[in-house]
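Have a look at the structure below, then the notes.
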Amino acid sequence: MKAKIKAIAYYLPETNLGNEEINELFPEWSVEKISGKTGIYNRHIAEVDEFSSDMAIKAAEKLFSDYDIDRNTIDFILLCTQSPDYILPTTACIIQNKLGIPTSCGALDFNLGCSGYIYGLGLAKGLVLSGIAKNILFLTAETYSKFIHPKDKSNLTIFGDGASATLICADDGFAEIAEFNFGTDGKGAENLIVKKGGIRFPGLSNEKDDITDEFGNVNNPGKLYMNGGEIFGFTSGAVPKLVQNVLSGNSLQPSDISMYIFHQANKYMLNHLRKKINIEEEKFFYFLKDCGNTVSSTIPIALKEAINSGDLSGNILLAGFGVGYSWGGCVLKMQ
Ligand SMILES: CC(C)(COP(=O)(O)OP(=O)(O)OC[C@H]1O[C@@H](n2cnc3c(N)ncnc32)[C@H](O)[C@@H]1OP(=O)(O)O)[C@@H](O)C(=O)NCCC(=O)NCCSC(=O)CC(=O)O
C-alpha cells in the first residue's frame, strides 16, 4: 500500500497588508527595502472575528468543491496549528462538526510551525500504512497576525495568515509520499516564542508589559518574539544537512530532484539556502510575494501553485524548518 496526496486547496483571508501600509507606519523601511529583503509585497490578515477553525473550514470546503470530494469518506482529521481557537477542546473536533464529517472519524490537533506540513504528511502516511485510516483530511491554519505586536515591523513584514487542506489517501492520488527525515532541537525554543497565554504564564498581552530594546524594537511577552539572526543561523546549519539526509534516505542524488519546495520563510533566507545547498534557480520554487510567510501553510500553498504552473513531475523535495527548533523533509514522487 502507498500513501498519496489526492488533492490540495488553500484559503487566504480577504484583508491585505501591503508594503505601502507598513512603510506608512515605519517610514525608515521603504516599500523597496521590504520587498528587496523579504521578497514579500503583500500579506493576508484574518478578520478580528476570524480564527484558525474558520480559515481551515474555508480551505476544506474549497478542497471538497474543487475536487468533488465526498466528505462522508473522511475517516481522520489532522490539524496543524499554533493558534488554536481554544486551549481545549482540540480545534479539529470543532472543525469535524462544522464540516459535517461523520462522527466515526478520528480528529486531533498538533502544535508545530514551519515544519508542520512535513510532520502532518508523516503522520498521515503512518495512519494510512498502518491501516488505521484511508482518507485523511490534513489541515494547516495560522493566525499569527493576532500574535504580532503592531509596533514590531520585522515580524509584520514577514508573516501572513492562511490555511490549507490536503487529502491523503491509500493508493489514490497524484503524488506518492516517499521517505522522511525529521529533527528537533529544543535549545532554540526561546528564539521564536509567544511566552504568555499558555498555562505557565496565563492571560492576555497587556500594553503596560511592552518592552523596548536597545535598537528601539518593541515587544511584549504576549506577542510573537523572533530572534531573526539566531533563526537564520539555525536554519543555515540544519537545512543543508536535512536535504542531504532526505536525499540519502530516498536513495536519490541531487540530479534526481526536479523541484525543491522549501518552507517560504522569506527571500533572504531562501536565497541563502539555495546558494549554500547549490540548487539551480529553476529547480527552486518561490511563492511568497502575495502572501508572505504563512507558517505551516507555506509548503502546501507553494506546492499547489507549483502544480498549477503545470510542469511538476518526477521527485519533489519538500523541507520545513522553524519554531521549536523543529525541521523535517520528505520526497514526493509525482505519479
Ligand atoms: C529576519 C531577517 C530577514 C533579518 O535579516 P538580517 O538578519 O540581515 O537583518 P539585520 O537586522 O541584520 O539587518 C540588516 C539590514 O536588513 C534590514 N532588514 C532587516 N529585516 C528587514 C525586513 N523585514 N524588511 C526590510 N529590511 C529589513 C535592516 O534594516 C538592515 O538594513 P541596513 O543594512 O540598511 O541597516 C533574517 O534574520 C532572517 O531571515 N531570519 C530568519 C527568519 C525566519 O526565517 N523566520 C521564520 C522561520 S520560522 C517560521 O517561519 C515560523 C515558525 O516556525 O513558526
Side-chain angles (χ1 to χ4, degrees), residues 17-23 25-43 52 80-84 110-120 140-149 151-162 183-186 188-194 213-217 219 223-239 242 262-276 286-289 291-299 301-302 319-328:
L17 176 64
N19 290 353
E20 295 75 13
E21 280 169 87
I22 298 183
N23 169 247
L25 298 167
F26 305 99
E28 66 277 23
W29 277 6
S30 68
V31 168
E32 296 72 30
K33 186 174 168 104
I34 299 168
S35 56
K37 184 87 186 176
T38 64
I40 301 163
Y41 292 72
N42 186 54
R43 307 109 196 112
S52 288
C80 176
T81 187
Q82 299 183 305
S83 42
F110 64 97
N111 175 325
L112 278 173
C114 306
S115 61
Y117 191 70
I118 310 297
Y119 275 82
T140 61
E142 288 298 354
T143 56
Y144 262 37
S145 65
K146 297 183 196 293
F147 292 151
I148 295 178
H149 196 292
K151 292 182 183 161
D152 180 351
K153 62 178 187 246
S154 182
N155 283 334
L156 269 179
T157 56
I158 289 176
F159 294 103
D161 297 333
T184 306
D185 184 1
E190 295 275 329
N191 293 323
L192 194 48
I193 191 165
V194 179
D213 73 12
E214 58 196 298
F215 306 108
N217 302 316
N219 215 292
K223 299 290 183 189
L224 183 72
Y225 166 77
M226 180 172 79
N227 184 332
E230 285 291 329
I231 301 281
F232 188 92
F234 140 69
T235 307
S236 178
V239 177
L242 170 67
F262 282 17
H263 162 55
Q264 305 287 298
N266 65 73
K267 191 174 99 180
Y268 178 65
M269 182 82 246
L270 287 173
N271 283 346
H272 170 79
L273 288 173
R274 185 182 69 71
K275 287 179 191 148
K276 188 162 183 189
Y286 292 89
F287 193 82
L288 72 174
K289 226 171 160 177
C291 57
N293 176 341
T294 53
V295 194
S296 49
S297 299
T298 69
I299 297 176
I301 291 173
F321 40 84
V323 61
Y325 301 138
S326 168
W327 60 98

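Residues: numbered from 1 along the sequence shown. Note that these values count all heavy atoms, side chains included, but never hydrogens, waters or copies made by symmetry. One-based numbering, in listed order, for ligands and for the atoms of each.
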Which atoms form the tightest heavy-atom contact between [X] and [Y], and what is the distance?
{"X": "Ser297", "Y": "Thr140", "answer": "OG-OG1, 2.8 Å"}
{"X": "Ile22", "Y": "Ile34", "answer": "CG2-CD1, 3.8 Å"}
{"X": "Tyr144", "Y": "Asp161", "answer": "N-OD1, 3.0 Å"}
{"X": "Glu142", "Y": "Gln82", "answer": "OE2-N, 2.6 Å"}
{"X": "Arg43", "Y": "Phe159", "answer": "CG-O, 3.6 Å"}
{"X": "Ser326", "Y": "Tyr119", "answer": "OG-CE1, 3.6 Å"}

Rounding to 0.5 Å, atoms OH (Tyr41) and OG1 (Thr157) come to a distance of 13.5 Å
I need the Lys223 NZ to Lys146 NZ distance, nearest 0.5 Å. 10.0 Å
Please list the nearest protein heavy atom to [atom] with its residue and the distance rounded to 0.1 Å.
{"atom": "atom 2 (C) of ligand 1", "answer": "Tyr268 CD2, 4.4 Å"}
{"atom": "atom 42 (C) of ligand 1", "answer": "Asn266 ND2, 3.7 Å"}
{"atom": "atom 40 (N) of ligand 1", "answer": "Gly228 O, 2.9 Å"}
{"atom": "atom 54 (O) of ligand 1", "answer": "Tyr144 OH, 2.5 Å"}
{"atom": "atom 21 (C) of ligand 1", "answer": "Trp29 CH2, 3.2 Å"}
{"atom": "atom 1 (C) of ligand 1", "answer": "Ile158 CD1, 3.8 Å"}
{"atom": "atom 31 (O) of ligand 1", "answer": "Lys33 NZ, 2.8 Å"}
{"atom": "atom 14 (C) of ligand 1", "answer": "Lys37 NZ, 3.8 Å"}

Would you check the N or O atoms of [X], main chain and side chain alike, for any that come under 3.5 Å of an N or O of ligand 1?
{"X": "Cys114", "answer": "yes"}
{"X": "Val323", "answer": "yes"}
{"X": "Ser154", "answer": "no"}
{"X": "His263", "answer": "yes"}
{"X": "Leu192", "answer": "no"}

Determine whether any protein heavy atom is located less than 4.0 Å from atom 12 (O) of ligand 1. no
Just by modelled atom types, is the Thr294 backbone N or O under 3.5 Å from a matching donor or acceptor in the Gln264 side chain? no
Is it the case that over 12 heavy atoms from other parts of the model lie below 6.0 angstrom from the NZ atom of Lys151?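 Not buried by this count: 12 neighbours or fewer within 6.0 Å.
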Could you tell me which atoms of ligand 1, counted from 1 in the order shown, lie closer than 4.0 angstrom to a heavy atom of [X]?
{"X": "Gly322", "value": "48 (S), 53 (O)"}
{"X": "Phe232", "value": "38 (C), 39 (O), 40 (N), 41 (C)"}
{"X": "Gln82", "value": "54 (O)"}
{"X": "Gly229", "value": "37 (O)"}
{"X": "Asn293", "value": "46 (C), 49 (C), 50 (O)"}
{"X": "Ala265", "value": "44 (O)"}
{"X": "Gly113", "value": "53 (O), 54 (O)"}
{"X": "Val295", "value": "52 (C), 54 (O)"}

Which segment of [X] sits under 4.0 Å of ligand 1 when only heavy atoms are counted:
{"X": "Phe234", "value": "neither"}
{"X": "Thr235", "value": "neither"}
{"X": "Met226", "value": "side chain"}

Does any non-hydrogen side-chain atom of Asp185 lie less than 4.5 Å from one of Trp327? yes
Does the plane of the ring in His263 sit parallel, tilted or perpendicular to the ring in Phe321? Use 30° and 60° as the thresholds. perpendicular
Would you mind telling me which of Asn191, Thr235, Thr184 makes a side-chain hydrogen bond (donor to acceptor under 3.5 Å, both in side chains) with Tyr325?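 Per the side-chain hydrogen bond (donor to acceptor under 3.5 Å, both in side chains) rule, the option paired with Tyr325 is Asn191, out of Asn191, Thr235, Thr184.
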Tell me, with the steps shown, if Ile118 and Ile299 meet side-chain contact (heavy atoms from CB on, under 4.5 Å). CA-CA 9 Å; Ile118 310 297; Ile299 297 176; 4.0 Å; yes
Does the ring center of Tyr268 lie less than 6.0 Å from the ring center of Phe232? yes
